[in-house]
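The block underneath contains the structure these notes are about, expressed in structure tokens.
In listed order, ligands and their atoms are each counted from 1.
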Amino acid sequence: MKVLLLGSGGREYAMALKLKASATPLELVAAPGSDGLAELGTCLFMDVENPTVVAGWCAAHRPDLVIVGPEAPLVAGVADAVRALGIPVFGHNAATAQLEGSKAFAKAFMERHAIPCAASRTVMDLAEGEALIRSWPHGYPIVLKADGLAAGKGVVLAQDEAEALATFRAFLAGQFGEASKTVVFEEPLVGMELSLHVLVDVDADHAAYALLPACQDHKRIFEEDRGPNTGGMGAFGPIPFLRPEDVERMRRELVEPTLRGLQKDGLAARGVLFLGVMWTAAGPKLLEYNVRFGDPETQVLLQLLDEDLLSLLLEVARHRFDGRSLRTKPGCAITVVLAAEDYPEGAKKGVPITLEAPAVTLIHAGTRKQAGRWLTNGGRVLNLATVASDLAAARAAIAAALPAVHWPGMQVRRDIGLKALAHAQAGKTVQDPW
Ligand code: AMP
Ligand code: GLY
């Protein structure tokens, strides 16, 4: 079975590891891939955001399945172009990818389908936005979001009027090009953030889906959630104090209305939807949609998933998914990111990594190999991941494995899952203040 996997990060490496563990012999091609992925398959340098280029390769090489890791190729229409060749694709078409590609589109979708979310207004005009800030009715911070993809930097929580005005003016002046010329203003939501992934195979007369375990990312660079936001410094799942009725509530209030909304709007979906959820005092509210797997959430989910990943993704890609519930391992999985010096402002590259085989799963994210040695080559360099009987045991296994990896300037958060563990041990539920 020939599989083309688009992407190059820790998410794709974790997927490649799990695909290789499948019962079907696999010929894996990763594009653009990485030196890490080159140990699991063939890497191919290709502009993966160009539908013509990707479809051209697929027409010539006829892969049995194409898996799209990141959002940018989906928003650009890569899945549409490959699907038009009759090749199964795990990944949404461009119309559905607008749920991540345009925050204004996503908010309009949520409002049209009565999905609980932050009150918002979409603005494209300078005077209108300035007036809105001056008469802001929802309290601070004011959440300002660039409409389009902005490499994770397009959301600002402005603490006062001056910061809101400065951010808004910079956005409209093109800080993120066209992506920030439309701005979504949102009410600030307070609560506990979680990541809910849903496999979806939806079109006008078929709506099959399956929930993956809810997990939690840690976005700030420093322990105790201090410092700037990153792509994610570590994650765990399932969340120990989240009860089955809490998951049911998210299914009823967020997931099912989303699927009905897709059908009503004539949007097909064939891949994963990752709902960013804020569990507030008033219950779960939808922060955002992502149209791809989270990174590092995937590293957690694939530790937990007790399924043949290749067969599962093929079922969705071939439009044959029946929404069966997915087998998961008992216990809890965790992943901890090892990041480069200077991340997230920059990333010190080319630093040699001291690496002894750790007793947990090692995931390459931003590494390069030179003369048999691994070097840092990105912000998030490596992940350690494992599954254990519970969150405390999973944390302990990572702590025991950490001395196996080191380089000067390496950054790691040793508190992944710690706050949730304390919350659970205190007997609190998701409704208690976080
Ligand atoms: P997004 O790119 O939409 O995921 O936003 C990035 C981060 O900003 C989210 O993960 C949240 O932590 C935060 N955020 C987004 N929207 C809101 C909101 N309405 N209230 C509070 N925090 C938010
Ligand atoms: N870890 C958050 C994301 O992938 O968007």
Side-chain angles (χ1 to χ4, degrees), residues 7 9-12 14-15 69-72 74 99-107 110-111 115-122 136 138-159 164 167 171 176 179-180 183-197 212 214-221 225 227-237 272-282 284-302 335-337 339 344 363 365 379-380 383 385 413 416 434:
R11 165 182 52 210
E12 287 76 21
M15 291 176 102
E71 63 279 10
L74 297 170
L99 286 174
E100 179 166 0
S102 164
K103 294 195 186 286
F105 178 92
K107 286 306 295 201
M110 292 175 210
E111 280 158 21
I115 296 166
C117 63
S120 76
R121 233 170 88 187
T122 297
W136 183 249
H138 298 295
Y140 281 85
I142 302 182
V143 183
L144 290 100
K145 301 186 174 184
D147 176 51
L149 298 182
K153 298 202 163 80
V155 176
V156 173
L157 277 63
Q159 300 301 331
T167 303
F171 275 10
F176 298 106
S180 65
V183 180
V184 176
F185 286 81
E186 272 185 25
E187 161 198 19
L189 295 179
V190 178
M192 188 198 71
E193 209 172 324
L194 64 91
S195 304
L196 185 65
H197 288 70
L212 286 154
C215 48
Q216 187 166 58
D217 188 12
H218 295 60
K219 293 216 165 111
R220 305 297 195 93
I221 182 79
D225 297 326
N229 262 330
T230 70
M233 290 296 291
F236 68 91
V272 65
L273 286 178
F274 155 13
L275 280 60
V277 176
M278 186 76 90
W279 199 295
T280 70
K285 301 213 175 178
L286 188 58
L287 282 177
E288 58 161 355
Y289 291 108
N290 297 293
V291 294
R292 36 92 196 162
F293 278 106
D295 188 346
E297 286 90 338
T298 304
Q299 291 82 314
V300 166
L301 294 174
L302 296 185
T335 193
V336 171
V337 172
I363 293 162
R380 294 187 287 178
N383 300 180
R413 278 186 63 166
I416 304 303
W434 174 242

Q. Under a 4.0 Å N-O cut-off, is there an ion pair linking K219 with E193?
A. yes
Q) So, K145 and E288, do they make that salt bridge, N to O below 4.0 Å? A) no
Going by distance only, is there an N or O of [X] that falls short of 3.5 Å from an N or O of ligand 2?
| X | answer |
| --- | --- |
| E297 | yes |
| N290 | no |
| F293 | no |

Out of all atoms in ligand 2, which are within 4.0 Å of some heavy atom of [X]? Include the element for each.
| X | result |
| --- | --- |
| R292 | 3 (C), 4 (O), 5 (O) |
| G231 | 1 (N), 2 (C) |
| D217 | 1 (N), 2 (C) |
| F274 | 3 (C), 4 (O), 5 (O) |

Q: Work out whether the distance between some heavy atom of S195 and some atom of ligand 2 is less than 4.0 Å.
A: no
Q: Determine, using heavy atoms of G294 and all atoms of ligand 2, whether some pair is separated by less than 4.0 Å.
A: yes
What are the atoms of ligand 1, with element, lying closer than 4.0 Å to any heavy atom of [X]?
| X | value |
| --- | --- |
| V143 | 16 (N), 17 (C), 18 (C), 19 (N), 20 (N) |
| E187 | 18 (C), 19 (N), 20 (N) |
| K145 | 3 (O), 15 (C), 16 (N) |

Q) Considering only heavy atoms, does E193 approach ligand 1 within less than 4.0 Å through its side chain, its backbone, both, or neither? A) side chain
Q: Please state whether P188 comes within less than 4.0 angstrom of ligand 1, counting heavy atoms only.
A: yes
(Q) Tell me the nearest of N290, T280, L287, L144 to atom 14 (N) of ligand 1, using heavy-atom distances. (A) L287
